[in-house]
Visitor: 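Sending over a structure as structure tokens; questions will come in a sec.
Just so we're clear, the structure is a prediction, and the values are computed from it rather than from any experiment. Lettering of chains follows the sequences in order, A, B, ..., and the numbering in each one begins at 1.
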Number of protein chains: 2
Amino acid sequence: MSIDKDLLDNLRLELRRGTLVLSVLSRMNTPKYGYALVQSLQELGVSIEPNTLYPLLRRLESQGLLESRWETDGAKPRKYYHRTSNGNEIYDVLLEEWQQMVKAMTHITEEVSP
Amino acid sequence: MSIDKDLLDNLRLELRRGTLVLSVLSRMNTPKYGYALVQSLQELGVSIEPNTLYPLLRRLESQGLLESRWETDGAKPRKYYHRTSNGNEIYDVLLEEWQQMVKAMTHITEEVSP
DNA sequence: GACAATAGTGTGTGACGCACAGTATATTGT
DNA sequence: ACAATATACTGTGCGTCACACACTATTGTC
């Protein structure tokens, strides 16, 4: 029986929810702009489309975790984002949550069911 | 500045999506019924409400990953679930996905941003 | 001038954890 | 005997977000 690709893609997508926020916030201790962030996340093993990242950056800004400023000096205008102090706090707590979850998941998937 | 609890709860919930499927599937190599599963997941560090677990079990069955049968011998009728062969395959692949994700997340959150 | 790369915005959809509401029966406590 | 609690389950709607689709604009390369 072959695996249902649609179902697998769907489950994979559900696993990604939430972790993208953590990935992005982890990079934003120093200012970065969207296009370069796509590249550097890719290099670090987190594949994300521009169409997903730009709205995410804007949402995190509206939620008060990031703030932005335009750099228009160069050839192309770029919107730089960085974490706010609130974003720093939320990031720290979320990272802890993630680590607890990983421990729990490691424990439960290694425990043999009776 | 105090942390926005609502936002944190929301982000925490997003992190949970997907992992509950993995948690539940990990337990279903041997048949189990809903109420006991809530208890045993709780003991293994995965807190889940019955109102969340029962619909999840039914959804996984409709997706072909679990199948069920009623046990009506005892004092109370119980619906036992266990993984299908398709569910076994999906579980193995999803577990691998999760482990890749954990590695990527560990890498990216430990990497100091320039 | 055509095409690719760079850099961004706007909008709608599908899926799921959750909350709320509910049913039914057995067991325990008074 | 009756109330409270525990056990065991079903039904339904909502909020949220990663994604897909569509789009704009300018620079760089050939």
Visitor: Does the side chain of Y54(B) get closer than 4.0 angstrom to OP1 or OP2 of dC9(D) through an N or O atom?
Guide: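 So the side chain of Y54(B) is within the cut-off, an N or O lying under 4.0 Å from OP1 or OP2 of dC9(D).
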Visitor: Pick the closest DNA chain D nucleotide for R17(A) and for A75(A) by heavy atoms, then say which residue is nearer the 5' end.
Guide: R17(A)
Visitor: Can R12(A) and E97(B) be counted as an ion pair, charged N to O under 4.0 angstrom?
Guide: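 Yes, R12(A) and E97(B) are salt-bridged.
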Visitor: Testing the 3.5 Å rule here: is there a donor-acceptor pair between the side chains of E67(A) and T84(A)?
Guide: no
Visitor: Using whole Å, report how far CG of L60(A) lies from C1' of dA18(D).
Guide: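 Roughly 13 Å, once rounded to whole Å.
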Visitor: Less than 4.5 Å apart, any side-chain heavy atom of R27(A) and any of L41(A)?
Guide: yes
Visitor: Measuring from the side chain of N10(A) (C-beta onward, heavy atoms only), which nucleotide among dA15(C), dC19(D), dA5(C) has the closest atom?
Guide: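 When the side chain of N10(A) is considered, dA15(C) is the closest of dA15(C), dC19(D), dA5(C).
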Visitor: Is the base of dT27(D) touched by the side chain of K76(A) through a donor-acceptor pair closer than 3.5 angstrom?
Guide: no
Visitor: Using a 4.0 Å heavy-atom cut-off, does Q63(A) contact any base of the nucleic acid, only the sugar-phosphate backbone, or nothing at all?
Guide: sugar-phosphate
Visitor: Tell me if the CD atom of Q100(A) is crowded by more than 12 foreign heavy atoms within 6.0 Å.
Guide: yes
Visitor: Tell me: CG of L37(A) to C1' of dG8(C), nearest whole Å?
Guide: 14 Å
Visitor: Using whole Å, report how far CD of Q42(A) lies from P of dT6(C).
Guide: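 Atom CD in Q42(A) sits about 13 Å away from atom P in dT6(C).
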Visitor: Under the 3.5 Å rule, do the base of dA21(C) and the side chain of N51(B) count as making a donor-acceptor pair?
Guide: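 Between dA21(C) and N51(B), which were checked side chain against base, a qualifying N/O pair under 3.5 Å is present.
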Visitor: Could you give the CG-to-C1' distance, from D9(A) to dA18(D), as a whole number of Å?
Guide: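 For the pair D9(A) CG and dA18(D) C1', the rounded distance is 13 Å.
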Visitor: For P50(A), answer base if it contacts any base atom (sugar-phosphate contacts may also be present), sugar-phosphate if it contacts only those atoms, and nothing otherwise; contact means non-hydrogen atoms under 4.0 Å.
Guide: nothing
Visitor: If you find the nucleotide of DNA chain C closest to L13(A) and the one closest to G34(A), which residue's nucleotide is nearer the 5' end?
Guide: G34(A)
Visitor: OP1, OP2 of dT6(C) versus side-chain N and O of Y35(A): anything below 4.0 Å?
Guide: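 Answer is yes, contact under 4.0 Å.
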Visitor: K79(A) has a side chain; which of dT16(D), dT9(C), dC19(D) sits nearest to it?
Guide: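 Out of dT16(D), dT9(C), dC19(D), the nucleotide with an atom closest to K79(A)'s side chain is dT9(C).
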Visitor: Taking R78(B) first and then E71(B), would you say they form a salt bridge - that is, a charged N and a carboxylate O separated by under 4.0 Å?
Guide: no
Visitor: Within 45 degrees of the axis of the six-membered ring of Y91(A) and under 6.0 Å from its centre: does R83(A) put its NZ or CZ there?
Guide: yes
Visitor: Starting from the 5' end of DNA chain D, give me the residue, E14(B) or Y33(B), whose nearest nucleotide shows up first.
Guide: Y33(B)
Visitor: Closer than 4.0 Å, any side-chain N/O of R58(A) to the OP1 or OP2 of dT9(C)?
Guide: yes
Visitor: What nucleotide among dA8(D), dC19(D), dC21(D) has an atom nearest to a side-chain atom of R16(A)?
Guide: dC19(D)
Visitor: Describe the nucleic acid contact of I48(B) in one word from base, sugar-phosphate, nothing, applying a heavy-atom distance below 4.0 Å.
Guide: nothing
Visitor: Taking any heavy-atom pair under 4.0 Å as a contact, classify R59(B): base, sugar-phosphate, or nothing.
Guide: sugar-phosphate
Visitor: Between dT9(C) atom P and L56(A) atom CG, what is the distance in whole Å?
Guide: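 It works out to 13 Å between those atoms.
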Visitor: In whole Å, what is the span from the CG atom of L57(A) to the C1' atom of dC17(D)?
Guide: 14 Å
Visitor: What is the distance from CD of E71(A) to C1' of dG8(C), rounded to the nearest Å?
Guide: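 Value for this atom pair: 16 Å.
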Visitor: Would you say T52(A) reaches dC19(D)'s phosphate, i.e. side-chain N/O to OP1/OP2 under 4.0 Å?
Guide: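 Checking T52(A) against dC19(D): at least one side-chain N or O falls below 4.0 Å of OP1 or OP2.
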Visitor: Rounded to the nearest Å, what distance is computed from the CG atom of residue L53(A) to the P atom of nucleotide dC21(D)?
Guide: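 Answer to the nearest Å: 19 Å.
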